[in-house]
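The next block holds one structure in the form of structure tokens; read it before the comments.
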Amino acid sequence: MKRPILFLPAAVVALLISAAPVLACGGLIGPNGAVNLLRTTTLAGYHDGIEHYVTAFEFAGGGGSFGSLIPLPGVPTNVEKGGEWTLQRLIRETDPVPEAARLLFAADAALGSAIELQKVRIDALDITVLSGGAAEIGRWAKDHGFRLPPDAPEVLEFYASRSPIFLAAAFDADAAAARGQQVGDGTPVHITIPTPNPWVPLRILALGKTGAERVEADIYLLTDIKPALLPSPVLPNGMELQHSQAATDGLLADLRSDQGMEWIPDSAWLSKIAIDASASQLAFDLAIDASGQGTPSRVQAGLDLPTPAQLGITGERLALALLTTIAGIGAILLITAWRPARATR
Amino acid sequence: MTAGLTRRGGGRAGLLAAAALVLGACSTRAGTPVVTIDIAYSRFEPATITVPAGVPVTFVIRNADPIDHEWIVGDDARHQRHRTGTEPVHDERPTEVSIDAGTTQTTIVTFDTAGTLAYVCHLPGHEAYGMIGTMTVTSSR
């Protein structure tokens with residue numbers, strides 16, 4: 001039987017959410033009905049071994065709470081309110097139709113069990129950084145009143161096998177209304193993640209969608225040099241490289257002047273990848289190699305499973321674990337052998 | 001087709017579940033058929049089952065997913081009711097079972113007549129996603 005649904009997770013590095021009357025469209029589900037993902041925009045910048053995600057959550061009206069879940073490539077060192085114009089400025093740089101900016105921020109603001117590594121409140125958003133496998137994340141979501149869609153078990157495992165770090169963003173619509181936020185207002189969020197292997201989660205954009213439903217998103221990449229990408233953004237896979245050239249000085253200066261964007265380097269390469277794919281097409285993530293070697297990781301793209309070494313399980317660790325286990329069993333046996341005999345009557 | 005209530009147990013990986021593990025997906029225990037149904041990635045496995053009419057059948061339903069599921073068996077009319085139902089939890093009828101994430105539930109059902117039934121999870125979106133199985137009830141054991 002259908003339960004009074006709370007909400008659902010779904011989303012990637014950036015998404016816009018809006019209320020809708022039916023469950024069928026999937027995505028995020030709130031107490032007032034389904035919450036759909038509209039077109040989303042994200043900046044994934046990579047400089048000095050640090051990945052910067054800038055994304056936005058849009059207030060869709062209504063009451064109650066709903067949210068999204070974002071897999072991350074590592075533990076963030078900082079989660080803060082993002083700059084006010086970074087995403088809009090990127091759109092203006094690459095989009096020949098200025099009005100397209102309305103797709104993103106009309107104004108701005110948008111939108112446990114696992115170990116809670118970090119909790120941050122940004123406007124009406126409650127953001128929690130979680131560490132855990134699929135089962136722990138699922139339990140955390142349930143404990144916090146969120147219901148995951150039926151494809152969540154497979155999708156969560158897809159991500160947890162590579163990185164057990166997730167960011168849950170719960171949008172408190174009542175608080176947003178109390179703050180005077182209007183429908184369409186977005187809350188930009190900036191996540192700083194040290195990682196040697198930058199990637200952008202794409203598959204989770206299809207969470208809760210049926211195979212034929214469309215996923216639309218714009219991904220901006222700002223890297224020190226022209227990046228190698230995997231999968232290659234070719235139209236048959238639902239990705240299109242719409243912009244790839246050195247970032248202009250004007251763009252970099254504008255971005256650097258926004259809140260929290262001091263990390264923007266003096267020179268960079270700007271890429272824009274437009275996603276227009278069916279949910280069933282998005283069975284991968286976007287791996288980025290900005291080192292110049294041209295070898296983006298098949299594991300980070302979700303095309304291969306990580307090896308034990310890639311998971312940080314070295315031979316030494318395995319040996320240590322084995323020795324610890326043997327020592328533990330030995331200790332139990334010794335304790336059992338030395339236990340004083342019970343007094344007999 | 002009706003289902004006679006006999007017994008319903010629950011709990012995480014209980015003894016009955018362990019027994020079923022040993023006995024396999026479909027076996028008998030003291031002459032009583034035992035059917036084990038696994039749930040993983042929001043799918044029933046097996047998705048096709050044949051059971052006899054007129055005898056109690058023990059179903060052991062193991063949910064390996066990190067999300068909750070339901071196992072509701074019945075005819076079209078029953079499923080139609082559940083598609084628009086409002087019961088948050090099923091724990092009163094042996095043919096309607098809620099299985100929390102990572103847990104195992106057992107239920108015993110006696111099917112009075114032969115026929116074809118479906119077992120479905122009616123949580124939002126789950127049936128459309130493919131959480132459907134077919135149960136054939138035969139008149140002879």
Side-chain angles (χ1 to χ4, degrees), chain A residues 1-10 21-31 33-36 69 112-114 130 132-143 145-160 164 166 206-213 279-280, chain B residues 12-13 38-45 47 61-74 77-105 118-133:
Chain A
M1 291 273 182
K2 293 186 171 70
R3 303 176 187 183
I5 303 148
L6 278 179
F7 95 116
L8 255 270
V22 251
L23 294 169
C25 292
L28 312 186
I29 300 177
V35 181
N36 295 325
L69 195 62
S113 152
L130 302 166
E136 289 77 24
I137 299 298
R139 193 172 307 124
W140 185 92
K142 181 181 178 184
D143 290 347
F146 301 124
R147 175 176 296 168
L148 300 172
D151 55 338
E154 188 170 0
V155 173
L156 288 178
E157 204 159 291
F158 172 79
Y159 284 106
F166 292 83
L207 186 67
K209 291 181 178 291
T210 61
E213 285 185 85
S280 59
Chain B
R12 180 187 279 269
D38 287 319
I39 299 173
Y41 291 169
S42 300
R43 296 278 197 279
F44 292 116
E45 174 59 38
I61 308 159
R62 307 184 298 197
N63 180 7
D65 276 345
I67 61 176
D68 297 348
H69 288 297
E70 295 175 346
W71 181 83
I72 295 172
V73 62
R78 177 185 297 261
H79 290 302
Q80 192 52 43
R81 285 197 303 275
H82 281 272
R83 287 183 186 108
T84 55
T86 56
E87 279 184 1
V89 177
H90 303 289
D91 56 6
E92 293 180 354
R93 291 173 287 275
T95 52
E96 302 176 2
V97 181
S98 295
I99 317 112
D100 285 351
T103 65
T104 296
Q105 292 286 341
Y119 48 98
V120 178
C121 176
H122 284 290
L123 290 176
H126 290 218
E127 182 179 16
Y129 188 71
M131 282 200 76
I132 304 171

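Worth knowing before you read on, the calculation uses all heavy atoms, side chains too, and leaves out hydrogens, waters and symmetry mates. Residue numbering restarts at 1 for every chain, and letters A, B, ... go by the order of the sequence lines.
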Return the minimal non-hydrogen interatomic distance between Ala135(A) and Pro66(B), and the atom names on each side.
CA-CB, 3.4 Å
Measure across Pro150(A) and Pro124(B) and return the closest heavy-atom pair with its distance rounded to 0.1 Å.
CD-O, 4.1 Å
How many angstroms lie between [atom1] in [X] and [atom2] in [Y], if you round to the nearest 0.5 Å?
X	Y	atom1	atom2	answer
Lys209(A)	Tyr129(B)	NZ	OH	14.5 Å
Leu148(A)	Asp68(B)	CG	CG	9.5 Å
Ile137(A)	Ile67(B)	CD1	CD1	14.0 Å

